[in-house]
*Asks:* 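Dropping the structure in here first, questions after.
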Amino acid sequence: MELTNLTIQEASELLKTKKISSVELTQAMLKRAHDVDSKVKSYVTITDDVALEQAKQADERIAKNDNVTPLTGIPFAMKDCISTRGIKTTCSSKILENYVPQYNATVTNKLNEAGAVLVGKTNMDEFGMGSSTENSGFFTTRNPWNLDYVPGGSSGGAAAAMSASLATFSIGEDTGGSVRQPASFCNITGIKPTYGRVSRYGLISLVSSFDGIGPMARDVYDCATVLEHIAGHDENDSTTYQSPVPHYTSTINKPIKKMKLGIPKEYFVAGMEAGVQSALQEAIRTYEKLGMEIHEVSLPHTKYGLPVYYLLLFAEASSNLARFDGTRFGLSVSKNAKDVIDIYLQTRREGFGDEVKRRIMLGAYALSAGYYDAYYLKAQKVRTLLRRDFETALASCDVLLAPISPTTAFKIGEKTNDPLDMYLSDIYTVATNPAGVPALALPAGFSKDMPVGMQLIGKHLDEATLFQVGHAYQQVTDWHKKLPNL
Ligand code: GLN
């Protein structure tokens, strides 16, 4: 038994029956992280001391049988845009390279309360802007399935850490696919919950009206377990839902026979890699065999998904990132500065990478007087149409099944000179975020030796059905159990 490959469910059972201790499990994980991560580069910071201290406390909690949860003693990794008190939180940006938050994100507090053990903070595209981690201000993470390939992004570090067995679960963030696309490229399971299901308090904002924190794990059951612990209303985030968090793992085994699976026809068009297409078709057949009814549905405004997403992203991001000006957080460059404007300019010039600067400029343009109505306001209106598309399709189906990315992972460097080509790779993931609906990513096969993922898209707040349908698939397939040979 390899401790670093265990699921949460397996590890938790071994901890509760005292066959292993959390200190042992954590030490194994830290050792592997130090041995293997020089190749994969998934972590920006490995938190050895914090992890060992939290593991010791978890063991005491288990010994006293004091409020033990399924996450007590379980090592996890967290995307570096989620605030951790006393631990660097960089967003993989030079501008926050040495920034140490004075407070925890709500998600961090909830995981602490559950007794989970933080192994480290993971690499990402700077401020979440990208699909490959190549936009990290520090280094590029590699795909554990082939080190010459990208792990996806922006939560590429969190996905690679899971796939390389350097954490038992990880926490990512998804604004337009950043949990699902890297999960798909690295053969793990992950969910973008309904907008407002998980508190964003302490998440460094990219697009405040799309951002969602979500678990990434070895299987659907583990994702459900983590979401149960991090979701819920938070008085520090007024966009969180008041409604109680369902106990997802207790309904996960409900039968899916006679349930309706919608296949959006706009998502199955020319341009998809042949191996991706055949993996998805095979998955649809599997669901048919499991007794689901398959229906073709239409999401007629799909073609506006990318432009709406990117326009709104540029606009909100340019406004959100205005706070990084050299006078409040992180980096401050003031060489021979004449005045405070000069400090702003020098700091932002040096601190932000090219992609971040590009998006800030495009956003400032879209928001400027004279263009606001033509771009920003128009995009907000089309956003409503995207949302209605999902609501209409989901009125006649329980869940939708769709691809995550038209291709499997691409080679490092392949798309870096063409930002538009990089944006196009997000075509299947971006529409769900402006619409706010939840989407679960899960492994569905391989194409040319690289993992293929698929997503199940659900109704607002209906993560329970996504877990149920996803879990049923993982009971009869074993793609999610395959591990890379590092
Ligand atoms: N690839 C998308 C982008 O570049 C995803 C961002 C995200 O989900 N954080 O915007």
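Counting convention: from 1, in listed order, for ligands and their atoms alike.
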*Asks:* State, with a plain yes or no, whether a side-chain heavy atom of Val297 is found less than 4.5 Å away from one of Ile263.
*Replies:* no

*Asks:* Do the side chains of Ile412 and Asp148 get nearer than 4.5 Å, heavy atoms only?
*Replies:* no

*Asks:* Do Arg180 and Ser155 come within less than 4.5 Å of each other through their side chains, counting heavy atoms only?
*Replies:* no

*Asks:* How would you list, by chain and number, the residues with a heavy atom under 4.0 angstrom from ligand 1?
*Replies:* Gly128, Met129, Gly130, Ser131, Ser154, Glu173, Asp174, Thr175, Gly176, Gly177, Ser178, Leu206, Tyr309, Tyr310, Leu313, Arg359, Asp426

*Asks:* Does NZ or CZ of Lys88 fall inside the cone over Tyr99's six-membered ring, less than 6.0 Å from its centre and within 45° of the axis?
*Replies:* no

*Asks:* Has Lys357 got its NZ or CZ under 6.0 Å from the middle of the six-membered ring of Phe352, at an angle within 45 degrees of the ring axis?
*Replies:* no

*Asks:* May I ask you to test the Leu147-Leu486 pair for a side-chain heavy-atom distance under 4.5 Å?
*Replies:* yes

